[in-house]
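Heads up: the structure comes next, in structure tokens.
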Amino acid sequence: MWSKFQQAILWIITYSPLVIVMVFRFIAGNKYFGLDEWLINQPWVSKDSIFVSYLSAEVYFVIATLIYTYFSYKYTIKWFMSGFEERIRTGEDGQDMYIRKAERLSANDYSFFLLTLLIPLVSLDHSSVINLAVSVIIIFFVIAIYVKTDAISVCPLLFFSGRSVFKGVISLGEKEQESNDSSLRKDVIFIMMKNKITFNRKVRGERLVNDVYYLTNNEIDND
């Protein structure tokens, strides 16, 4: 089960590109605090160089931010899941269960994240240190809400790591057992590596937080 600290780390990494963009806008809005002029005036910098004349700091920044975002989003979950999936699959962790119903999360489930991602970029002038500070405080407040409510299922890091998120029903027992004990069926959100789900086949799973489970691929996927 993931701790609150682990969830906080995931959300901080998720929002880190936004914070980087806001900090850059603050620096650029203050004319780089004179660093650009200082750099150009250095004797070891050729003013005729294509890297100085035609490529602005914004271009370098965009490229660097895209590279950072790609690798951090793609590999953070893989690092968190390192060894975890194998322990579930081999039976060291988790328990047997069955998928009875599943559907993908709707776009509405991600709307709050998208709003908190876009609003700070379009609503505030980040050349002001106060506006920058307010934006960062708001982001950390949003992260605190996500962590408090265990809303890890809408974290985009899962999508970029190649995993799929579903909401549905799982059962901790066979159908015959369910008829005698309805509590075996649970309405949950579950995460899997594969998009295709075969219902009523035994899988291994482990609870991550509250009603969010991580399931390994079911038997038909390994045939």
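Residues take their numbers from the sequence shown, with the count starting at 1.
- When each of Arg185, Gln177, Lys101, Glu178 is checked for a side chain to side chain donor-acceptor pair (under 3.5 Å) with Ser171, only Glu178 meets the rule.
- Smallest separation of non-hydrogen atoms from Trp11 and Val147: CD1-CG2, 4.2 Å.
- Of all heavy-atom pairs spanning Gly173 and Leu184, the tightest one is CA-CD1, 4.2 Å.
- Both Leu157 and Ile152 are members of a single hydrophobic cluster when ILVMFWY side chains are connected at heavy-atom separations under 4.5 Å.
- If you take CZ on Arg25 and OG on Ser135, they are separated by 8.5 Å, rounding to the nearest 0.5 Å.
- Within the 3.5 Å criterion, the main-chain N or O of Leu66 finds no donor-acceptor partner in the side chain of Thr69.
- In this structure, Phe140 places its CZ atom where only 12 or fewer heavy-atom neighbours from other residues, nucleotides or ligands lie under 6.0 Å away.
- To the nearest 0.5 Å, atom CD of residue Gln95 and atom CZ of residue Arg204 are 7.5 Å apart.
- Salt-bridge formation is not detected for the pair Lys186/Asp211: no Lys NZ or Arg NE/NH1/NH2 atom is positioned less than 4.0 Å from an Asp or Glu carboxylate oxygen.
- Ring centers of Tyr146 and Phe141: at least 6.0 Å apart, outside the cut-off.
- No single ILVMFWY cluster, assembled from side-chain heavy atoms under 4.5 Å apart, contains both Ile138 and Ile145.
- Scanning all heavy atoms of the two residues, the minimum distance from Lys4 to Lys148 falls at NZ-O, 3.4 Å.
- The closest side-chain heavy-atom distance from Phe113 to Thr14 is below 4.5 Å.
- Separation of atoms CD1 (Ile88) and OG1 (Thr216) is listed at 6.5 Å; rounding is to 0.5 Å.
- Note: Tyr75 and Phe71 have parallel aromatic rings, judged against thresholds of 30 and 60 degrees for the angle between ring planes.
- Placement of Leu172 and Val169 in two distinct hydrophobic clusters is found when ILVMFWY residues are connected by side-chain heavy-atom separations under 4.5 Å, directly or transitively.
- Between Arg87 and Glu206 there is no salt bridge, since no side-chain N of the basic residue sits under 4.0 Å from a carboxylate O of the acidic one.
- A centroid separation of 6.0 Å or more is found between the aromatic rings of Tyr73 and Phe159.
- In this structure Gln7 satisfies the side-chain hydrogen bond (donor to acceptor under 3.5 Å, both in side chains) test together with Asp150, sequence neighbours excluded.
- Transitive grouping of hydrophobic side chains (ILVMFWY, heavy atoms separated by less than 4.5 Å) keeps Ile137 and Val134 in distinct clusters.
- Of the inter-residue distances, the one linking Ser153 atom OG with Asn210 atom CG reads 11.0 Å to the nearest 0.5 angstrom.
- The hydrophobic cluster containing Ile170 does not contain Tyr98, counting ILVMFWY residues as joined when their side-chain heavy atoms lie under 4.5 angstrom apart, directly or transitively.
- Residues Arg163 and Ile77 meet the side-chain proximity criterion, which asks for heavy atoms closer than 4.5 Å.
- Judged by distance alone, the side chain of Arg104 and the main-chain N or O of Phe166 form no donor-acceptor pair under 3.5 Å.
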